Chemist: 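This structure is in structure tokens; I'll ask about it shortly.
Chain A is the first sequence line, chain B the second, and so forth, proteins listed ahead of strands; every chain is numbered from 1. What you are looking at is a predicted structure, and each value in this text was computed from that prediction instead of being measured. We use all heavy atoms of the structure for the numbers below, so side chains are in, but hydrogens, waters and symmetry mates are not.
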There are 2 protein chains.
Amino acid sequence: MTSGRRSPSQKTISTKNGKRETPSLKRPGPSARERKEDSPSGTTQRLTEDLRSSGIHPTQQRLRVFQTLTESKGHLSAEEIHGLIRSQTPRIGLATIYRTLHALKEKGLVEEHRFNDEFSRYEAKPAKHHDHLICIECGKVVEFDQPVIEQLQVAAARENHFTIVSHRLEIYGICESCQRLRKEHDALLL
Amino acid sequence: MTSGRRSPSQKTISTKNGKRETPSLKRPGPSARERKEDSPSGTTQRLTEDLRSSGIHPTQQRLRVFQTLTESKGHLSAEEIHGLIRSQTPRIGLATIYRTLHALKEKGLVEEHRFNDEFSRYEAKPAKHHDHLICIECGKVVEFDQPVIEQLQVAAARENHFTIVSHRLEIYGICESCQRLRKEHDALLL
DNA sequence: ATTTGTGCAAACAGTTTGCACCAAG
DNA sequence: CTTGGTGCAAACTGTTTGCACAAAT
């Protein structure tokens, strides 16, 4: 009971509505390739180049996904990314988001996280590795890094004859504002 | 394409077979409460007590789940637990496994893990916290503990004004035998 | 008789896939 | 024309839930 599965979408969209009625209104603009949209000028170019040099053909959609991840510095779910992009470019499929994320992840351009036991969240891979502090009340995620951890893991791995590929340290706790909320709440009960 | 989703069950059992045909063969034995089965003598008693003192009414099924987790020291998925129990006690539902795991987790008797990005795996909560070393080739999990990590996380949390509740450190790498396999494989290519 | 737990099947939610169509070389 | 990418809907998979029945008090 009270199984709190915070879901990004409230309900499954009843898949019974538009059954390929008008496959026409696909491309409103012109060639649709040189459009820079309304993003900060040079940024798009750089991202495009990043994709290309990673062997990912930079289509509009892929660029949008990558861009969304780099701009909003948070840890977004696939559906959140979908929603954000959709608000500007209506016709993009969730499947494309997933396919793109898969490719980006494979090429090392994004990282996938599964905090607590929720669905996957993605972030553009940062220059230097960092770990996460997650609030179990509100879900807030704070990044931090502790270079010493790197050495510790080497020791642990060596003892067990493992070759390290990566690591993941997540600290679960209660953030400052939630602590405050708790205190207020407790005060009311006394 | 090569989307490696290692699944504990190959296929969904086509839910079209037994539609409540014979709700009879439920309880083969006698009162079915005092049965110790074939487990090491005193063990069952202790586990029963553990459950009871945690406020979980110790039914046959719950006991079985808990017992399976404590005996097989590994990190089992719900379906694996189901399979193991089923081989001795045919009629137990997967839903019961999940409900029990949920209860056990809530009471702090088991821990849930989601290594890599697979399904959940469970382990009986050990006396002292430990972390995991996971082989990305074969999925083997080795436990280790690094008491120093405890201090580091305290520091990281304090800086960010978090109250620590728990942490999770997973190191992904390649285990000894898989390293050997790789070398052999590489040798063949030269 | 009341309460609690269970098995089963159906529902869910996140993710993946099959396919017809679109877009670029 | 060929190749690869996309949108859509359907399939899949791990997990949860509704419900009728069973077990224990």
Chemist: Linking I/L/V/M/F/W/Y whenever any side-chain heavy atoms sit under 4.5 Å apart, do B:V142 and A:V154 land together?
Modeler: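 Per the 4.5 Å side-chain linkage, B:V142 and A:V154 are co-clustered.
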Chemist: Tabulate protein N/O versus nucleotide N/O from nucleotides 2-5 of chain C, keeping only pairs under 3.5 Å, one per line.
Modeler:
unit_1	atom_1	unit_2	atom_2	d
C:dG5	OP1	B:R62	NH1	3.0
C:dG5	OP1	B:R62	NH2	3.4

Chemist: Round to the nearest Å and state the distance from B:H82 atom NE2 to C:dT6 atom C1'.
Modeler: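 Interatomic distance, NE2 of B:H82 to C1' of C:dT6: 12 Å.
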Chemist: Please answer whether the main-chain N or O of A:I92 pairs with a side-chain N or O of A:H82 as donor and acceptor at a distance below 3.5 Å.
Modeler: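 Yes: the side chain of A:H82 pairs with the backbone of A:I92.
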Chemist: For C:dT15, take OP1 and OP2 only and decide whether either is under 4.0 Å from a side-chain N or O of A:Y98.
Modeler: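 Yes, such a contact exists.
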Chemist: Report the distance from atom NZ of A:K105 to atom P of C:dT15, rounded to the nearest whole Å.
Modeler: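 These atoms are roughly 10 Å apart.
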Chemist: For the pair made of CD in A:E79 and C1' in C:dT16, what is the distance, rounded to whole Å?
Modeler: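 Atom-to-atom, A:E79 to C:dT16, this comes out as 14 Å.
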Chemist: Could you tell me the separation between the CZ atom of A:R121 and the C1' atom of C:dG14, rounded to a whole number of Å?
Modeler: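 From A:R121 CZ to C:dG14 C1': 13 Å.
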Chemist: Once you round it to whole Å, what is the distance between C1' of D:dG14 and CD1 of B:I97?
Modeler: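 Result: 14 Å.
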Chemist: Between atom CD in A:E112 and atom C1' in C:dT16, what is the gap in whole Å?
Modeler: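 After rounding, the gap between these two atoms is 13 Å.
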Chemist: Between the opening five pairs and the closing five pairs of the helix from C:dA1-D:dT25 to C:dG25-D:dC1, how far apart are the helix axes, to 10°?
Modeler: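 It works out to 0° between the end axes.
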Chemist: Grab the CZ-C1' distance between B:R64 and C:dG7 for me, whole Å please.
Modeler: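 After rounding, the gap between these two atoms is 16 Å.
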Chemist: Following the transitive rule for hydrophobic clusters with a side-chain heavy-atom cut-off under 4.5 Å over Ile, Leu, Val, Met, Phe, Trp and Tyr, establish whether B:V165 and A:V141 coincide in one cluster.
Modeler: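 As far as the 4.5 Å side-chain criterion goes, A:V141 and B:V165 are connected within one cluster.
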Chemist: List for me each residue that meets side chain to side chain contact (heavy atoms under 4.5 Å, CB included) alongside A:K105, sequence neighbours excluded, and say none if there are none.
Modeler: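 Scan of A:K105 (side chain to side chain contact (heavy atoms under 4.5 Å, CB included), adjacent residues dropped) gives A:V110, A:E112, B:D117.
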Chemist: Less than 4.0 angstrom between a side-chain N/O of B:S120 and OP1 or OP2 of D:dG14, yes or no?
Modeler: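 For D:dG14, neither OP1 nor OP2 has a side-chain N or O of B:S120 closer than 4.0 Å.
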Chemist: For B:Y122 and A:G93, take the nucleotide of DNA chain D holding the closest heavy atom to each; which residue's nucleotide lies nearer the 5' end?
Modeler: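 Going by which nucleotide is closer to the 5' end, it is A:G93.
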Chemist: For a quick check under 3.5 Å, do B:T96 and B:Q61 share a side-chain donor-acceptor pair by atom type?
Modeler: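 The answer is no; no qualifying pair exists.
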Chemist: On the nucleotide D:dC8, are OP1 or OP2 found under 4.0 Å from the side-chain N or O atoms that A:R91 carries?
Modeler: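 Yes, because at least one side-chain N or O of A:R91 sits under 4.0 Å from OP1 or OP2 of D:dC8.
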Chemist: Which nucleotide wins on minimum distance to the side chain of A:A78, given the candidates C:dT15, D:dG7, C:dC8?
Modeler: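 Selected nucleotide: C:dT15.
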Chemist: What residues form a side chain to side chain contact (heavy atoms under 4.5 Å, CB included) with A:S166, not counting sequence neighbours?
Modeler: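 Only B:Y172 meet the side chain to side chain contact (heavy atoms under 4.5 Å, CB included) criterion with A:S166.
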Chemist: Taking all heavy atoms of A:L104 and all of A:V65, pick out the closest pair and write down the distance.
Modeler: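 Result for this residue pair: CD1-CG1, 4.2 Å.
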Chemist: CG of B:L63 versus P of D:dA24: gap in Å, rounded?
Modeler: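 Interatomic distance, CG of B:L63 to P of D:dA24: 13 Å.
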Chemist: Counting only side-chain heavy atoms from C-beta out, which of C:dG14, D:dT16, C:dC8 sits nearest to B:R99?
Modeler: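 When the side chain of B:R99 is considered, C:dC8 is the closest of C:dG14, D:dT16, C:dC8.
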Chemist: Sequence neighbours left out, what pairs pass ring pair (Phe, Tyr, Trp, His ring centres under 6.0 Å) with at least one residue falling in residues 126-148 of chain B?
Modeler: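 Sorted pair list: B:H75-B:H132, B:H113-B:H132, B:F115-B:H132, B:H129-B:H167, B:H130-B:H132.
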Chemist: Applying salt bridge (Lys or Arg N to Asp or Glu O under 4.0 Å), can you list everything that pairs with A:E49, at least two apart in sequence or on another chain?
Modeler: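 Expected list: A:R52.
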